[in-house]
Protein chains: 2
Amino acid sequence: MPNPTLRDVADAAGVHPATASRALNANTRALVNAETARRVLRVAEQLGYRPNPIARGLKTAKSATIGLVIPDLTNPLFPPIVRGVEDALEEAGYTALIVNTDGDPERERTLVESLRSRQVEGLVIATALVHHPLLEELQRSDIPMVMVNRRAEGIEAPYVGPDDAAGIELAVRHLAQLGHRRIAHVAGPATTSTGVARARAFGGAVRELGLDHGPELMVTCTQWTEGAGAAGLRQLLDGTEGVTAVVAGNDLIALGCYDVCAERRIDCPDELSIVGFNDMPFLDKLRPPLTTVSVPNTQIGTDAARLLLEALHGTDRSARSVLLPTSLVERGSTAPPGGR
Amino acid sequence: MPNPTLRDVADAAGVHPATASRALNANTRALVNAETARRVLRVAEQLGYRPNPIARGLKTAKSATIGLVIPDLTNPLFPPIVRGVEDALEEAGYTALIVNTDGDPERERTLVESLRSRQVEGLVIATALVHHPLLEELQRSDIPMVMVNRRAEGIEAPYVGPDDAAGIELAVRHLAQLGHRRIAHVAGPATTSTGVARARAFGGAVRELGLDHGPELMVTCTQWTEGAGAAGLRQLLDGTEGVTAVVAGNDLIALGCYDVCAERRIDCPDELSIVGFNDMPFLDKLRPPLTTVSVPNTQIGTDAARLLLEALHGTDRSARSVLLPTSLVERGSTAPPGGR
DNA sequence: TTGAAAGCGCTAACAT
DNA sequence: ATGTTAGCGCTTTCAA
């Protein structure tokens with residue numbers, strides 16, 4: 001017998017399929033004679049029976065899957081989040097269907113469509129933009145969702161991400177303590193909540209600490225990429241003088257800043273200190289090792305998945321959103337200004 | 001109407017569900033009056049009908065999903081492979097269920113079990129070990145599978161991976177050309193086919209080129225990790241003299257070698273040249289930028305997925321295995337011996 | 001060309 | 001405590 005069905009088990013145990021179903025299902029097992037239950041379980045074991053979740057799903061209108069929508073799995077920021085989501089789902093017997101949007105709204109729409117047709121019960125969204133029509137539609141359609149890493153405006157869904165403001169403040173304080181007075185920010189795109197939040201936090205921090213500030217000390221990148229980061233820093237350095245440190249919107253942007261240092265023969269950290277954000281892998285192997293703000297990415301994933309599962313099961317006891325604590329990892333890319 | 005069913009469409013179009021089904025399905029559409037078909041399609045469109053693959057799967061015993069078994073998604077080697085798999089599957093309307101085994105055979109068994117219960121039609125395996133009992137069982141159970149990146153002995157399933165031998169030869173030749181005569185190999189685990197294949201290719205290449213060779217010039221790491229790579233190189237350097245270059249089993253092991261250089265104040269590349277394997281992201285930002293063998297990982301994924309789909313659809317016209325070409329990326333971690 | 005009927009494997013009322 | 005019945009949404013014989 002290739003794949004024994006519930007019927008096969010029931011027949012072999014000499015009971016009705018419904019009884020077998022009850023015996024096999026942990027939360028209905030009480031309804032059936034303990035002796036019978038044992039027998040069914042034993043037979044199932046012997047036959048190597050495994051329930052077919054597809055059939056169950058058809059009946060119960062539950063698929064035990066959720067959709068995980070990320071921009072690009074090859075961006076090192078996301079695998080840990082995916083791991084976290086998967087780990088939390090696994091405990092609950094759920095599975096994630098992962099899709100890559102490549103940041104393309106069209107593609108995102110199609111992929112979410114296909115997820116929904118696969119009857120996912122909920123969505124974990126890592127692609128949120130500040131203004132996000134698709135998410136608004138999804139909200140109206142009442143599918144449970146949770147946003148990770150970034151959020152969209154006007155969406156009620158819970159959000160799990162780093163405490164951007166606290167992280168940036170950590171970075172700025174660190175630089176200020178080293179003696180920097182003229183610190184710039186190479187910000188992520190204003191279309192993303194993290195870009196906006198970090199830029200705002202930066203502005204607040206430099207002002208509060210009485211450091212130099214002004215629009216010439218901030219540029220906004222068009223993307224969260226190395227290339228965009230490099231372009232951003234070039235533009236910034238061309239527009240002002242005396243900058244001794246830069247807080248990058250994230251590690252990828254920081255990497256772009258490294259490229260600019262190389263091409264302009266600026267010594268990092270002696271002439272320019274650089275701080276990243278996210279602490280993606282292998283940053284300690286860079287030249288110089290990158291000082292960055294560490295974010296508990298795996299935990300972002302697990303928390304998001306748990307929040308979603310709670311929403312699915314109606315135990316809506318959870319906070320709307322979770323901001324996870326960040327910490328500063330001091331490495332070699334920051335030093336007192338002028339290499340003193 | 002929350003989710004219109006086939007019945008809803010049929011009713012609205014004034015036909016029997018069976019007819020609607022035929023009209024909606026591209027390969028049975030010919031069976032139905034062109035006019036009727038058009039009408040059904042239009043109504044379906046209007047209602048926003050999307051077929052329920054779960055129900056379809058129950059009937060056809062096909063889930064349009066495959067399982068993708070990888071050791072750990074946070075290892076940068078795998079995301080590109082996953083991307084490749086997903087991209088190829090998407091075209092065919094298939095979806096991948098991804099699981100992380102953490103290299104634990106128990107866990108792998110459980111996870112594959114759960115994949116099978118979810119009715120995956122086939123498996124892409126990235127966790128193969130030279131001796132792999134689970135794969136032998138799976139082979140007996142006749143589920144279609146394809147191995148990527150590594151292979152298992154005695155398994156007939158197709159394999160898609162880098163041309164390890166050619167890649168290693170590229171690395172060794174490059175070092176020989178720079179003038180190195182005493183080159184060592186810090187190999188990956190002998191439990192993996194890549195570890196074995198690369199080690200054997202290394203031995204062959206140094207002999208063929210008339211370079212120093214012998215057991216003291218090779219160590220085998222217990223894992224494909226930075227830590228294991230560092231341990232390996234330490235052991236090697238403690239056991240022999242005069243080594244001026246090392247070929248690492250992969251980039252992670254090469255990173256471990258970097259650590260040893262740092263702790264023993266060995267200058268790379270002046271005192272020791274290092275070559276990696278895989279060309280994972282951001283290697284060009286290392287200190288020094290790592291010379292490595294580049295592998296088309298995304299293509300490994302797409303090829304594997306295509307092979308699997310062909311197996312599923314019985315178009316078994318494909319070669320059993322595919323070895324993808326590698327190329328050498330020369331960066332800063334290799335130089336003539338003695339820094340000349 | 002279309003409709004009728006059955007059934008994929010499972011669960012949930014309902015009946016006993 | 002167990003069996004009966006019905007049906008989730010779809011496809012696929014078979015018959016008309």
Side-chain angles (χ1 to χ4, degrees), chain A residues 1-41 43-44 47-65 93 114 116-121, chain B residues 1-41 43-44 47-65 93 114 116-121:
Chain A
M1 194 176 327
N3 255 329
T5 87
L6 181 61
R7 248 207 88 135
D8 297 326
V9 176
D11 287 354
V15 297
H16 192 274
T19 309
S21 168
R22 287 188 274 254
L24 259 5
N25 241 309
N27 47 328
T28 46
R29 192 164 309 153
L31 300 178
V32 54
N33 184 303
E35 175 59 30
T36 320
R38 237 192 319 277
R39 182 156 36 95
V40 173
L41 260 349
V43 171
L47 263 45
Y49 169 74
R50 271 171 336 205
N52 180 338
I54 308 251
R56 172 182 294 154
L58 186 56
K59 178 66 186 179
T60 59
K62 301 216 177 322
S63 58
T65 58
S114 100
R116 301 204 64 188
S117 82
R118 279 183 183 274
Q119 314 298 121
V120 295
E121 295 177 38
Chain B
M1 193 174 330
N3 255 328
T5 87
L6 181 62
R7 249 207 87 133
D8 297 327
V9 175
D11 287 354
V15 297
H16 191 273
T19 309
S21 168
R22 288 189 272 255
L24 258 7
N25 241 309
N27 47 330
T28 46
R29 192 165 307 152
L31 300 179
V32 54
N33 183 304
E35 175 60 31
T36 320
R38 237 193 316 278
R39 182 155 37 94
V40 172
L41 260 350
V43 172
L47 263 44
Y49 169 75
R50 270 172 337 209
N52 180 338
I54 308 253
R56 172 182 295 157
L58 187 55
K59 179 67 187 175
T60 59
K62 302 216 176 322
S63 59
T65 58
S114 99
R116 301 204 64 188
S117 80
R118 280 184 183 274
Q119 315 297 123
V120 295
E121 295 177 37

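So that the names make sense, note that chain A is the first sequence line, chain B the second, and so on, each numbered from 1. Being a predicted model, the structure only gives us computed values, none of them experimental.
Residue A:Ala61 is classed as having no contact, given no heavy-atom separation below 4.0 Å to the nucleic acid. When heavy atoms are screened at a 4.0 angstrom cut-off, B:Thr36 is found touching the sugar-phosphate backbone but no base atom.
Counting only distance, with no hydrogens or angles, the side chain of B:Glu121 and the backbone of B:Ser63 share a donor-acceptor pair below 3.5 Å. A donor-acceptor pair is defined here as one N or O able to donate and one able to accept, closer than 3.5 Å; no such pair exists between the side chain of A:Asn25 and the backbone of A:Thr28. A donor-acceptor pair is defined here as one N or O able to donate and one able to accept, closer than 3.5 Å; no such pair exists between the side chain of A:Gln119 and the backbone of A:Ala61.
If you take CZ of B:Arg22 and P of C:dT1, they are 11 Å apart, rounded to a whole angstrom. Note: CD (A:Glu35) to P (D:dT2) measures 10 Å, nearest angstrom. Nucleotide C:dC14 holds its P atom 15 Å from the CG atom of A:Leu31, rounded to whole Å. Regarding B:His16, its NE2 atom lies at a distance of 13 Å from the P atom of D:dT11, rounded to whole Å. Between B:Leu24 atom CG and D:dT11 atom P there is a gap of 8 Å when expressed in whole angstrom units. Summarising the geometry, the separation between NZ on A:Lys62 and C1' on C:dA12 is reported as 13 Å, rounded to the nearest angstrom. Nucleotide C:dG3 holds its C1' atom 15 Å from the CG atom of B:Asn33, rounded to whole Å.
Annotation: side chain of A:Pro53 is in contact with side chain of B:Ser117 (closest heavy-atom distance under 4.5 Å). B:Thr19 is listed as a side-chain neighbour of B:Val32, based on a closest heavy-atom distance under 4.5 Å.
In terms of phosphate contacts, A:Ser21 brings no side-chain nitrogen or oxygen within less than 4.0 Å of OP1 or OP2 of C:dC10.
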Write down the protein N/O and nucleotide N/O pairs, taken from nucleotides 6-9 of chain C, whose separation is under 3.5 Å; answer none if there are no such pairs.
from	atom 1	to	atom 2	distance (Å)
C:dG7	N2	B:Lys59	NZ	3.3
C:dG7	N3	B:Lys59	NZ	3.4
C:dC8	O2	B:Lys59	N	3.3
C:dG9	N2	A:Ala55	O	3.1

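Counted within 6.0 Å of CZ on A:Arg7, heavy atoms from surrounding residues, nucleotides or ligands total 12 or fewer; the atom is thus considered open.
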